[in-house]
Amino acid sequence: MNLRFYNTINRKKEDFHSIDKGKVRMYTCGPTVYDFAHIGNYRTFMFEDLLRRYLEFRGYDVTQAMNLTDVDDNTIRRSRERGISLTELTDEFKAAFHADLKTLNIQPAHQYPEATRYIAEMIEMVQNLEDQGYAYKTEDGSIYFNIAKYDNYGKLAHLNPEEMLSGERVTDDSYEKEGARDFALWKGYKAEDGDVHWESPWGKGRPGWHIECSVMSTELLGEHFDIHCGGVDNIFPHHENEIAQSVCATGKEFVNYWLHSEYLLVDNKKMSKSLNNFYTLRDLLDQGHAADAIRWMLITTHYRQKLNFSVNRLGEAARAVARLKMFHERLENYKVDGPESVDNLVADTHIRFQNAMDNDLNISGGLSAVFDLLHKGHRLMDRDLLSQSGAAKVHQLLKTIDHVLGVLEMDSGSDPTVDEVFIESKIEERNTARANKDFAASDAIRDELADLGIELIDTSDGTKWKLK
RNA sequence: GGCGUGGUGCCCAAGUUGGUCUAAGGGAGUGGUUUGCAAAACCAUCAUUCGCCGGUUCGAAUCCGACCCACGCCUCCA
């Protein structure tokens, strides 16, 4: 089966062909670093991680760039509110963002371009657009892109510029623009900007939001690259504007595949700062939820499907991850050498997983193959039928698939500070009690550790413990 | 107003170029095996049914028409 993706610009699934054979260049819109990202934001970054990991699973050499927006209305306003410099503010949340990515086991992008480091290149692109007649200057020293000059404007979002102009919002829109939907490439300096400004051919000011992604993607991935992602809310106006800028500036194709992930919902409403119905990663971790369960929850609903967040779902996710991990551990510790080599089972599982994922990352279909493997593997081990080489093959396949899922190596515990020596001594004490058939004492010790968040599991291989 | 997405068992969810769907998989439940008891695992059970109505067809969750409901974009936003 061919790898296919739903391409927003054509509103249909298309076979994926990279520009350079075997290589994929992808640009993923990153966060504006003025505050902690919430898990709705992370749903998109998680989707992009899944996409990247799956492309790698399929053998592609992937180059990913993710921008960090470190200058815009929000960052400037917030830094002034807090009385700190723009850099102080954005450094804080850049660090928090990278820490969160690590917690969620999201593979780092190869590049994290920051808008403030590409000002010269942005000025150059704006100048280029102005020179070609696509942009005009206004009284306040801003430069706007004239969408009337670009015939294909609205193609990505499927919006008709004519109709956009007729809305009741025209009156709220800015004054100096010629067309209501024209957008700023460069913003002339205003007093509210404080000391945030750069010199330009149009006087001092700062770049518009959209130009940053056009410039940084081009600088790092070339004028024409394979995949551009973001949340569905980026479709319009951000990505639409990027296309207009880039295509007009370079005269070339910009991006081949536009992939967008759906929202994370809370009580069927979009999770957002303005509705104040959001959870940050830190909120959930503080409540005792494990990062691997959060990752699982965000990753296992198809990316173009709205996902309704609930604590209940986190519980389900935690149990599913636990099952996967226990199977993985059981394979590692499996000692019997039975007659079944399971070549067909392994091959079938691999194909089923791949065929499902090839179809626009159908994770549910892929996971059904994985859980079928779990079930059949356990059954064979229960009956001592699985061979050692078979166990090794299943184990290897699980690891290969986990390159995509990325949960096996994650810690399920919420508290890493436990005294292992103490636990081991308690286990020993309990084993002595069990050997003497003093089950009351044995259970008392188990309850004692349970109160500390430690769960004991008796296996044929001895007593194991894990964090609950 | 324009554009768009989704409604499948108790919950989540795949399948939607018609037949292999007598509807995958996960979570929960129920009965059993195993275990000192647990945990995990295994066995069995869990939708004559896919929002509603009508139509096309030998055959529809999948196609057509109407309707109901939920959500989103058209404004900064993952």
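Just so we're on the same page: letters track the sequence lines, and every chain starts at 1.
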Using a heavy-atom cut-off of 4.0 Å across all strands, would you classify A:Ile363 as base, sugar-phosphate, or nothing? nothing

Does A:Lys273, at its NZ atom, have more than 12 non-hydrogen atoms belonging to other residues, nucleotides or ligands within less than 6.0 Å? yes

When you look at A:Glu92 and A:Arg78, which way does the salt bridge (charged side-chain N to carboxylate O under 4.0 Å, His left out) test go after all the steps? CA-CA 12 Å; A:Glu92 179 182 338; A:Arg78 186 63 59 88; over 6 Å; no

C1' gap between B:C69 and B:G51, integer Å: 8 Å

Nearest to the side chain of A:Ile457, heavy atoms from C-beta on, is which of B:A78, B:A13, B:A39? B:A39

Roughly how far apart, to the nearest Å, are B:G6 and B:A39 at atom C1'? 39 Å

Expected list for residues 400-409 of chain A: side-chain donor-acceptor pairs under 3.5 angstrom, two or more places apart:
| from | atom 1 | to | atom 2 | distance (Å) |
| --- | --- | --- | --- | --- |
| A:Thr400 | OG1 | A:Gln396 | O | 2.9 |
| A:Asp402 | OD1 | A:Gly406 | N | 3.3 |
| A:Asp402 | OD1 | A:Val407 | N | 2.9 |
| A:Asp402 | OD1 | A:Leu408 | N | 3.2 |
| A:Asp402 | OD2 | A:Leu408 | N | 3.3 |
| A:His403 | NE2 | A:Glu56 | OE1 | 3.3 |
| A:Glu409 | OE2 | A:Asn105 | ND2 | 3.1 |

If you count the non-hydrogen atoms of other residues, nucleotides and ligands that lie under 6.0 Å from NZ in A:Lys12, is the total more than 12? no

Under the side chain to side chain donor-acceptor pair (under 3.5 Å) rule, what do A:Asp283 and A:Thr280 come out as? Steps first, then yes or no, please. CA-CA 5 Å; A:Asp283 290 338; A:Thr280 65; 3.3 Å; yes

According to a strict under-4.0 Å criterion, is A:His378 in side-chain N/O contact with OP1 or OP2 of B:A40? no

Given B:A38, B:C3, B:G2, which nucleotide is nearest the side-chain atoms of A:His158? B:C3

Check the side chains of A:Ser387 and A:Asp337 for a donor-acceptor pair under 3.5 angstrom, ignoring hydrogens and angles. no

NA contact type, A:Gly40, heavy-atom cut-off 4.0 Å: base, sugar-phosphate, or nothing? base

A:Arg43 side chain, from C-beta outward: closest of B:C3, B:A78, B:C37: B:A78

Give one of base, sugar-phosphate or nothing for A:Thr300, where a contact means two heavy atoms less than 4.0 Å apart. nothing

A:Phe236 has an atom CZ; how far is it from atom C1' of B:C74, in whole Å? 7 Å

Contact class for A:Asp443 vs. all strands (heavy atom < 4.0 Å): base, sugar-phosphate, or nothing? base

For B:G72, what is the paired nucleotide under Watson-Crick or G-U wobble rules, both distances under 3.5 Å? B:C3

When both distances are under 3.5 Å in a Watson-Crick or G-U wobble arrangement, the nucleotide paired with B:U16 is none

Cation-pi geometry met for A:Lys155 and A:Phe254 (6.0 Å, 45°): no

Distance check, P atoms only: B:A61 and B:C21, in whole angstrom units. 12 Å

By the 4.0 Å heavy-atom rule, please label A:Lys269 as base, sugar-phosphate, or nothing. sugar-phosphate

P spacing across the pair B:C12 / B:G7, given as an integer number of angstrom: 11 Å

Please report the distance, rounded to the nearest Å, between CD in A:Glu48 and P in B:A78. 11 Å

Could you let me know what B:G59 is paired to, Watson-Crick or G-U wobble, both distances under 3.5 Å, or none if it's on its own? none

Length of the line joining A:Asp447:CG and B:A39:P, which is rounded to integer Å: 13 Å

Is the shortest side-chain N/O distance from A:Asn362 to OP1 or OP2 of B:G15 below 4.0 Å? yes

pair_partner(B:G29), Watson-Crick or wobble, both distances < 3.5 Å, evaluates to B:U45

If you look at every strand shown and take non-hydrogen atoms under 4.0 Å, does A:His238 touch a base, only sugar-phosphate, or nothing? nothing

When rounded to whole Å, the OH to P distance for the pair A:Tyr263 and B:C73 reads 4 Å

Nearest-angstrom distance from the residue atom CG of A:Asn41 to P of B:A78: 5 Å

Reckon A:Ile235 touches a base, only the sugar-phosphate, or nothing at all at heavy-atom distances under 4.0 Å? nothing

B:C46 and B:G29, which share atom name C1', separated by this distance in whole Å: 8 Å

Please state how far atom CE in A:Met381 lies from atom C1' in B:C42, giving the value in whole angstrom units. 12 Å

Begin from the C-alpha positions of A:Tyr112 and A:His98 and carry the test ring-ring contact (aromatic ring centres under 6.0 Å, His included) through to its verdict. CA-CA 10 Å; A:Tyr112 287 102; A:His98 287 299; 4.7 Å; yes

In terms of the nearest nucleotide of RNA chain B, which residue is placed more toward the 5' end: A:Arg430 or A:Lys13? A:Lys13

Using both distances under 3.5 Å as the test, list the Watson-Crick or G-U wobble partner of B:A40, or none. none

I'd like to know whether the aromatic ring centres of A:Tyr153 and A:Phe145 sit less than 6.0 Å apart in this structure. no

I'd like to compare against my own output: the B/S/- annotation of nucleotides 27-33 of chain B with a strict under-4.0 Å heavy-atom distance to protein. SS-----

Gap in Å between the two C1' atoms, one belonging to B:U17 and one to B:C63, rounded: 10 Å

Rounding to the closest angstrom, what is the interatomic distance between B:U8 and B:C3 at atom C1'? 27 Å

Looking at B:C3, B:C12, B:G25, which one has an atom nearest to any side-chain atom of A:Arg11? B:C3

Which sits closer to the 5' end of RNA chain B, A:Arg383 or A:Asp372, going by the nucleotide each is nearest to? A:Asp372

Does atom OH of A:Tyr279 have more than 12 heavy-atom neighbours, drawn from other residues, nucleotides or ligands, at distances under 6.0 Å? no

Look at A:Arg379 and B:C43 and indicate whether a side-chain polar atom (N or O) is within less than 4.0 Å of OP1 or OP2. yes

Is A:Asp233 side chain donor-acceptor paired with the B:C73 base, going by distance under 3.5 Å alone? no

Between B:U16 and B:A24, how far apart are the two C1' atoms, rounded to whole Å? 15 Å

Let's see if you can work this out: which of B:C71, B:A14, B:A24 has an atom nearest to the side-chain heavy atoms of A:Gln305? B:A14

In whole Å, what is the span from the NZ atom of A:Lys306 to the P atom of B:A14? 12 Å

For A:Arg304, which contact category applies under a 4.0 Å heavy-atom criterion: base, sugar-phosphate, or nothing? nothing

A:Arg330 and A:Thr459: side-chain donor and acceptor closer than 3.5 Å? no

Considering just the side-chain nitrogens and oxygens of A:His375, establish if one lies under 4.0 Å of OP1 or OP2 belonging to B:G25. no

Length of the CG-P vector between A:Leu314 and B:C12, whole Å: 15 Å

